[in-house]
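Letters A, B, ... mirror the listed sequences (proteins, then strands); counts begin at 1.
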Amino acid sequence: MKISTWNVNSVNARLEVILNWFREERPDVCSLQELKCIDEKFPYEAFESLGYNIAVHGQKTYNGVAILSKYPLSDITKGLKGEDEDEQARYLEAVVDAPHPFRVTSIYLPNGNPIGTEKYSYKLRWIERLMARATQLLALEERTILSGDYNIIPEPVDCYNPAMWVDDALFQTEVRAAFRRFKNLGYSDAFDLMPPADNRYTFWDYQAGAWQKNEGIRIDHHLMSPQAADKLSAFTIHKATRGFATENAKASDHVPVSVEFNL
DNA sequence: ATGTCTCCACGTTGGAGA
């Protein structure tokens with residue numbers, strides 16, 4: 001079972017490079033973030049023709065998350081409890097009805113910049129709402145995987161120059177502590193169990209030649225329940241994807257991150 | 001290097017968000 005997560009930065013603008021990657025890697029399940037389209041504009045047919053079942057939680061212009069699966073999806077939940085009238089499409093959860101089922105998510109945690117604003121306090125509140133759901137899910141003792149763009153740099157080593165990130169919402173002490181709390185709760189970061197030897201970054205900014213200079217950060221994560229972590233067999237950051245472009249589509253600023261399980 | 005990319009608006013360039 002291969003499960004991937006990818007912030008695609010517009011599923012329609014990026015469609016050609018996304019489909020190329022899917023044809024190459026053939027994930028059983030893939031969470032997408034930053035669709036930047038309403039449900040009706042999601043390119044269903046393109047993914048259905050590759051054999052995927054689709055759950056979409058879209059929104060006009062911003063945010064938007066999806067889950068694609070070669071197995072049927074059930075128990076689909078859009079959004080987190082709380083923050084009434086929260087219209088930001090940032091959370092999607094579903095059960096993958098495979099012979100060994102998985103509960104999977106697509107998480108697009110708020111960026112939160114600049115610090116000291118309502119955007120930052122919204123990020124902190126959103127983390128608490130995710131924490132509440134993660135706590136509930138842990139009690140189910142299922143194979144659960146919380147995948148997505150967390151917009152959290154866990155450790156100084158996870159960015160190219162920590163000094164440059166001290167005033168950024170992705171690297172605040174309380175945000176990093178919150179990421180640790182998920183782990184203390186009982187979730188394992190797939191990266192920690194199988195750190196790649198060559199690269200740890202999952203995002204390179206479009207600006208200032210960040211990709212060319214390899215000035216990246218690690219913000220896309222797979223947090224696994226114990227029942228899932230027991231079966232982890234591989235962890236891959238698809239770094240080369242950051243450099244791929246076609247005639248009709250440029251690269252996302254994030255790359256896909258995959259985990260595999262032997263069941 | 002306020003450097004790039006995407007989406008949207010009663011559009012034809014500029015603001016917002018990342």
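- Comparing the P positions of B:dA16 and B:dC10 gives a spacing of 14 Å, expressed to the nearest Å.
- Judged by distance alone, the side chain of A:Ser106 and the main-chain N or O of A:Leu32 form a donor-acceptor pair under 3.5 Å.
- Residue A:Arg242 is classed as having no contact, given no heavy-atom separation below 4.0 Å to the nucleic acid.
- A residue-by-residue look at A:Thr61 and A:Asp205 shows that A:Asp205 has its nearest nucleotide of DNA chain B further toward the 5' end.
- Between B:dC8 and B:dG3, the distance separating the two P atoms is 23 Å to the nearest Å.
- B:dT12 and B:dA18: their C1' atoms are spaced 25 Å apart (whole Å).
- Each of A:Val11 and A:Asp253 was matched to the nucleotide of DNA chain B holding its nearest heavy atom; the match closer to the 5' end belongs to A:Val11.
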### Query
Please walk me through it: do A:Phe182 and A:His221 pass ring pair (Phe, Tyr, Trp, His ring centres under 6.0 Å)?
CA-CA 12 Å; A:Phe182 285 101; A:His221 308 298; over 10 Å; no
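- The salt bridge (charged side-chain N to carboxylate O under 4.0 Å, His left out) contacts involving residues 130-155 of chain A comprise A:Glu93-A:Arg133, A:Arg103-A:Glu142, A:Glu155-A:Arg176, where partners must be two or more places apart or lie in separate chains.
- Across the P atoms, B:dG14 and B:dA1 are found 23 Å apart, a figure rounded to whole Å.
- Using cut-offs of 30° and 60° for the angle between ring planes, the A:His238 and A:Trp21 rings count as perpendicular.
- Inter-residue side-chain proximity for A:Ile3 and A:Phe102 is flagged as met; some heavy-atom pair is nearer than 4.5 Å.
- The residue A:Ala13 sits close only to the backbone: its heavy atoms come under 4.0 Å of sugar-phosphate atoms, none of a base.
- Listed by first and then second residue, the side-chain hydrogen bond (donor to acceptor under 3.5 Å, both in side chains) pairs that reach into residues 36-54 of chain A are A:Asn9-A:Lys36, sequence neighbours excluded.
- Among the heavy atoms of the strands lying under 4.0 Å from A:Tyr108 are primed sugar atoms or P, OP1, OP2 only; no base atom is included.
- Using a 4.0 Å cutoff to heavy atoms of chain A, the contacted part of DNA chain B runs 5' to 3' from B:dG3 to B:dA18.
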